[in-house]
Structures are given as C-alpha cells and as structure tokens.
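Below is one structure; the comments refer to it alone.
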Amino acid sequence: MQEYFPELEQLLDDCEVTSNKECIKKTSIKSSRSIISSLQQNDGYFEYSININEAKESILSRYTGLSLHQFVILVCLCILQLNNYCVMSILTPFFPKEAEMKGMTLDMSGLTFSMFAVVVVITSPFMGFLVSLVNPKNIIVGALFLSGLCNIGFGFFANIQSLDYFTLACFTTRIFEGIAASANSVAIFTILASVFPDRIGGIMGIVEVFVGLGLSVGPAIGGLLYNLGGFSMPFWVIGTITIAFIPVTMIALPVIPYQNVNKMENKGGIFEIIKIPSIILILCSNLITAIGWCYLSPIFEPHLRKEFDASPSTVGLLLSLLSIAYAISSPIWGKIVDLVGTETTWKLIVVGLFGSSIGIVLLGPTPYLNIPNQIWMKAVALIVFGLSSALALLPTFKSMLDYAIADGFRDNESTSGIISGLWTSVYSLGEIIGPIGGAALDENFGFSICSTVVAGLHLLMIPENTGSTHTEQLPTSKTIELIFQRNSFALLVNQRA
C-alpha cells in the first residue's frame, strides 16, 4: 500500500542530495498513524523505500501540505460525495407531486424517500466488511455504475400508468440506489483514512462541505431540470453524469492491494468494536446529531406556512442557511480536530452538542423562555445549529478510529472499513428516526414541544460524553533517521521508550 508522509517531503527539500553523494540526517517529527502501525507490526523497526524524485516538494504541497496525488484523490472524493447526496435529494421538489398524480398516498411517497436510508442502515456494516475483501476503488466503480443505471431507469417510470407497478418500481430502484450509496460512502471513508491518516479531521471537513453542497444543490438542480424536461430529465442527467465519472474514478483513486488489506488479522470484527464504551457513546452522539438534522424535513415547511404564511422560496432560503453554516464551518472544525488530542476531541463533541441544543431551542422556540417567535430568530437558530452540528459530527469518525486502534485493532483498511460502515449505518438510522419521530411529535404536541424534545436529546448526551474514561493515547512522536543514497532512500524508524 502506498503511504504518504507530507512531513518528510518538507525535510527532503532541505537536504541537497545528488546521485553521487550520501546524506544522513536525523530529526524528530510528529509520527503518523501509519508509522505507529508499522512499529507495532515490526517491534519498533521498519524500512520504507521511496524514489527521491517523487518526494520533491512542490508548490502545491508547500501551500496545502498535500502531494499532487493526494490532491487529485481529495478532489475525486469530494465530487463523489457531492454526487452521492445529489442522487439522494434530487427528487425532493417534484416526486411527491408526480406520485400523487399517479394515485400514491403521502405515506407511501414518504416511504419511498425513507427506503433509501433504511437500506443504507442495513447494508453499511456489510459494506464495512466488504472493503477488507474487495479493493475500495473497485467498490466505488461498481456503486457508480449501479447508481447511474438506477437513475436512468427511474426516468422511464413516468410512462408507468399502474399505481402498483409504479410503487413497486420506485421501491425497488430506491433499494438499489441505497445499496450503491452505502457502498460508495463506506469505500470513500476507507480511502480517506488510508491516504490521509494524520489529517482525517481536516480532510473529512473538506469532504463534508460537498455533502452539504449536495443536499443544498440537489433539490435545486432537480427542480430546474424538472421544469425544463419533466419527470425524466433530472434522473437521466444525474444518471449519465454518474456513469461518465467512472473513468475519472478509475484513474484518480489509489489501488489498495488485496494482501495489504487482509494479511494482518484484527483483534476482532464489528461485534468487538461495538463493545468499546467510547465508540458506543460516539455512535449515540452521531445518532442524535442525525435526528436533529432530519426531524425538520416533514414539519418545518408546514410550520412556517401556518405561523408566518411563508412562501416556498422563504422556506428554501432558511434551510439553505443551515447547509451553508455547516459547509463553511466544516473545514475549520476539521482542522481543529487534527490539531488536538483524542481526549480534547470529546470536549469538541460536547460543545457541538450543547450548541446544537441551543440552536434547536431558539428554533422552536421552547415554551416559557420568552424567546421571540420570529422569522429572523429562525434564521439565527438555523445558523447556530449548522455551526454546532458540524462541530459535534466531524470529530466522531477520527475518534472512533483512534479508540479502536488503542483498544488493540490493527490500523489497516479492515478496521477503517468496519468503522466507516458503523458510522454510516448509525447516521442513516438517525435520518429515519428523525422525520418519523418529528412528524409524530409535531402532530400530537406541536412544533415547539417537538423541538424542545430534540434539544433535550442533545443535552442528555453531554453528561455521557464528559464522563468518558477512555484514556489510552497513541504515541505522538518518534525519532526518524533518514538515509539518502543515490536516487532512493531508506527510512529507518526506531521506537524509543
């Protein structure tokens, strides 16, 4: 497996190396998780060879800390996530109307939407296991092909006149789209953890920008294409683009050899990982954050229409504030996550949960607090919630991976795949519970009480997180000896007590 050491690329430029001269230099730098894993596997010693011409610092790495190959991979992963969430949300503005014209009830229409998330919940743990057997790059290629075919097929459903056949076709297609999305997400996170082992927080923050962008522009693109070409146009366009991106993916993404994924056995599988208390708490935090994001889906528009006679454009503008706040803050929080230790990460999650609860309390607003129930307050609340939910969510993947490794799991793609599958599955479960629970609470108790309950769930998680006692830490530094020789060098790492 190809390893990436941006810190070493910086050091190489400081040493004048020619084909006829040897240069030996000793220095100390912050070690990467990959070095730690190699030390564990080889009793504190391993040899790593690289061509010196490939390690020359470029202008790109000087400003971003990424090699050209890493940068290309990151761009590809961002586009994949953008596409993933556009596929999920593109039918939002027009499908309920079209389904109603076919005779489908509102409940069945809603079930068509939620079927996507249900499948992701069920299949993500399996996909986490699959990435230890199949190259993640190949999984993504297969997922793109399946997703593209499903969307192109969905465009032909406008010609189905029978309600039963239309419902069956929609359900079946959304099931396969969910499988493709699950495979895509898990494989993306696995590659992310492999290529950027020391910068997971910051890189994940950048990728999450495109998640928010996909959720924002997906419905807008869907509505625009629907107005231009009817029911079929949005699906045919997104399906064609998805399949057309396959060659780019095959070129840009790295190959993770089969033997590197499976050669080293882990301490255990998914059932061993979910026994780790800290990981259970993080998964619960993920679930609550997802519920907070999604409980608004079925009830926010009716609430604004009833209270303020708000137009659809006003509702869309307010919801876009949530996505924009999340997208803008994600890279910032991600960078902070990379700079702090694992224990400090808990504090970030707690601050994020607390801030999210404040945003939801303002959004309700919670009764008896004398908070003005005005449109401008809704806007403020959504911005606060977007900023805080990003902080609550971004540290979770890296923290789960750190705690699994500290508990004895190998730092390889098998562990990353299991963590990716769990993370994706639990978040998607929140995407199911949120709309269902939000609609039930709103119908029986009203929007304010519903929001208060969701805010309370966020606050309930805070004592659990602050009470975490998991204190195992990964090593933070090693002494690295660089031996440059002709056109290649060997990197010898000696672990010191």
Side-chain angles (χ1 to χ4, degrees), residues 72-91 95 112-113 115-158 168-192 194-195 207 210-211 213-214 217-218 221-222 225 231-258 261 413 417 420-421 424-425 428:
V72 171
I73 293 171
L74 176 58
V75 171
C76 186
L77 295 180
C78 289
I79 295 174
L80 286 171
Q81 282 292 66
L82 175 66
N83 176 267
N84 221 14
Y85 282 85
C86 279
V87 168
M88 183 178 73
S89 61
I90 197 169
L91 73 170
F95 181 80
T112 303
F113 280 94
M115 185 63 65
F116 189 97
V118 170
V119 173
V120 173
V121 170
I122 296 172
T123 59
S124 289
F126 171 75
M127 296 301 172
F129 170 74
L130 187 64
V131 294
S132 68
L133 303 176
V134 181
N135 195 304
K137 175 180 178 177
N138 295 336
I139 292 177
I140 290 176
V141 169
L144 288 176
F145 185 72
L146 177 60
S147 177
L149 284 182
C150 287
N151 276 282
I152 292 173
F154 216 122
F156 291 100
F157 295 168
L168 178 62
C170 290
F171 273 39
T172 304
T173 304
R174 289 295 278 181
I175 288 173
F176 282 105
E177 283 183 349
I179 293 173
S182 172
N184 222 341
S185 293
V186 172
I188 286 171
F189 281 129
T190 303
I191 292 175
L192 183 151
S194 175
V195 177
V207 173
F210 289 83
V211 171
L213 190 61
V217 305
I221 293 174
L225 293 175
F231 180 87
S232 301
M233 181 67 73
F235 297 109
W236 289 345
V237 170
I238 193 68
T240 302
I241 291 174
T242 300
I243 292 179
F245 195 66
I246 290 177
V248 178
T249 302
M250 295 176 68
I251 295 171
L253 293 184
V255 174
I256 301 177
Y258 176 86
V261 175
E413 284 68 28
S420 301
T424 305
S425 180
S428 296

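Just so it is clear, the model here is predicted, and its values are computed rather than measured. Values below: all heavy atoms of this structure, side chains included; hydrogens, waters and symmetry mates excluded.
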**Request:** Quick one: sort the F231 and F154 rings into parallel, tilted or perpendicular, breaks at 30° and 60°.
**Result:** tilted
**Request:** For residues L146 and A180, report the shortest heavy-atom separation together with the two atoms involved.
**Result:** CD2-CB, 4.1 Å
**Asked** Hey, what do you get for OG1 (T249) to CD1 (I73), rounding to the nearest 0.5 Å?
**Response** 12.0 Å
**Request:** Evaluate side chain to side chain contact (heavy atoms under 4.5 Å, CB included) for I191 paired with L253, printing each intermediate quantity in order.
**Result:** CA-CA 8 Å; I191 292 175; L253 293 184; 4.1 Å; yes
**Message:** For W236, is there any backbone N or O sitting under 3.5 Å from a side-chain donor or acceptor partner on T240?
**Reply:** yes
**Distance in Å, C150 SG paired with I179 CD1, rounded so as to fall on 0.5 Å steps** = 8.5 Å
**Asked** Is S185 close to Q81 at the side-chain level, that is, under 4.5 Å between some pair of heavy atoms?
**Response** yes
**Asked** If you round to the nearest 0.5 Å, how far is CD1 of I238 from CD1 of I221?
**Response** 6.5 Å
**Request:** Without swapping roles, check the side chain of S428 against the backbone of V121 for a donor-acceptor pair under 3.5 Å.
**Result:** no
**Request:** For F176, look at atom CZ and say whether over 12 heavy atoms of other residues, nucleotides or ligands are found less than 6.0 Å away.
**Result:** no
**Asked** Got a second to check how far L80's CG is from I188's CD1, nearest 0.5 Å?
**Response** 4.5 Å
**Side chain K137, main chain P254, donor-acceptor under 3.5 Å** = no
**Request:** Applying side chain to side chain donor-acceptor pair (under 3.5 Å), run through N184 and S147 and close with a yes or a no.
**Result:** CA-CA 10 Å; N184 222 341; S147 177; over 6 Å; no
**Prompt:** Which heavy-atom pair separates A187 from I139 by the least distance, and what is that distance?
**Reply:** CB-CG2, 4.1 Å
**Asked** With side chains defined as the heavy atoms from C-beta onward, is the minimum distance between L192 and L74 less than 4.5 Å?
**Response** no
**Message:** Using every non-hydrogen atom in the two residues, find where M88 and R174 come nearest and quote the distance to one decimal.
**Reply:** O-NH2, 3.7 Å
**Asked** Do F210 and I79 pass the side chain to side chain contact (heavy atoms under 4.5 Å, CB included) test, and can you show the C-alpha distance, the side-chain angles, and the key distance before you say yes or no?
**Response** CA-CA 7 Å; F210 289 83; I79 295 174; 5.7 Å; no
**Request:** Answer whether the closest heavy-atom distance between the side chains of F116 and I175 falls below 4.5 Å.
**Result:** no
**Message:** Applying side chain to side chain contact (heavy atoms under 4.5 Å, CB included) to C76 and F245, what does each step give before you reach the verdict?
**Reply:** CA-CA 9 Å; C76 186; F245 195 66; 3.9 Å; yes
**Asked** Quick one: does I243's side chain get under 4.5 Å of L144's, heavy atoms only?
**Response** no
**Residue F171 excluded, over 12 heavy atoms near CZ under 6.0 Å** = yes
**Prompt:** Rounded to the nearest 0.5 Å, how far does CD of E177 lie from CG of N84?
**Reply:** 10.5 Å
**Message:** Minimum heavy-atom separation for F235 and N151, please, with both atom names.
**Reply:** CB-O, 3.0 Å
**Item:** Contact summary for L91 and V87, nearest pair of heavy atoms
**Value:** CD2-O, 4.4 Å
**Gap separating the CG atom of L77 from the CG atom of L82, nearest 0.5 angstrom** = 12.5 Å
**Prompt:** Below 4.5 Å, heavy atoms only, C-beta onward: do F156 and S232 meet side chain to side chain?
**Reply:** no
**Item:** Closest approach of A183 to A143 (non-hydrogen atoms, all atoms of both residues)
**Value:** CB-CB, 4.1 Å
**Message:** For a side chain to side chain donor-acceptor pair (under 3.5 Å) check, start with the C-alpha distance between S182 and T123, then their side-chain angles and the critical distance, and finish with the verdict.
**Reply:** CA-CA 7 Å; S182 172; T123 59; 3.1 Å; yes
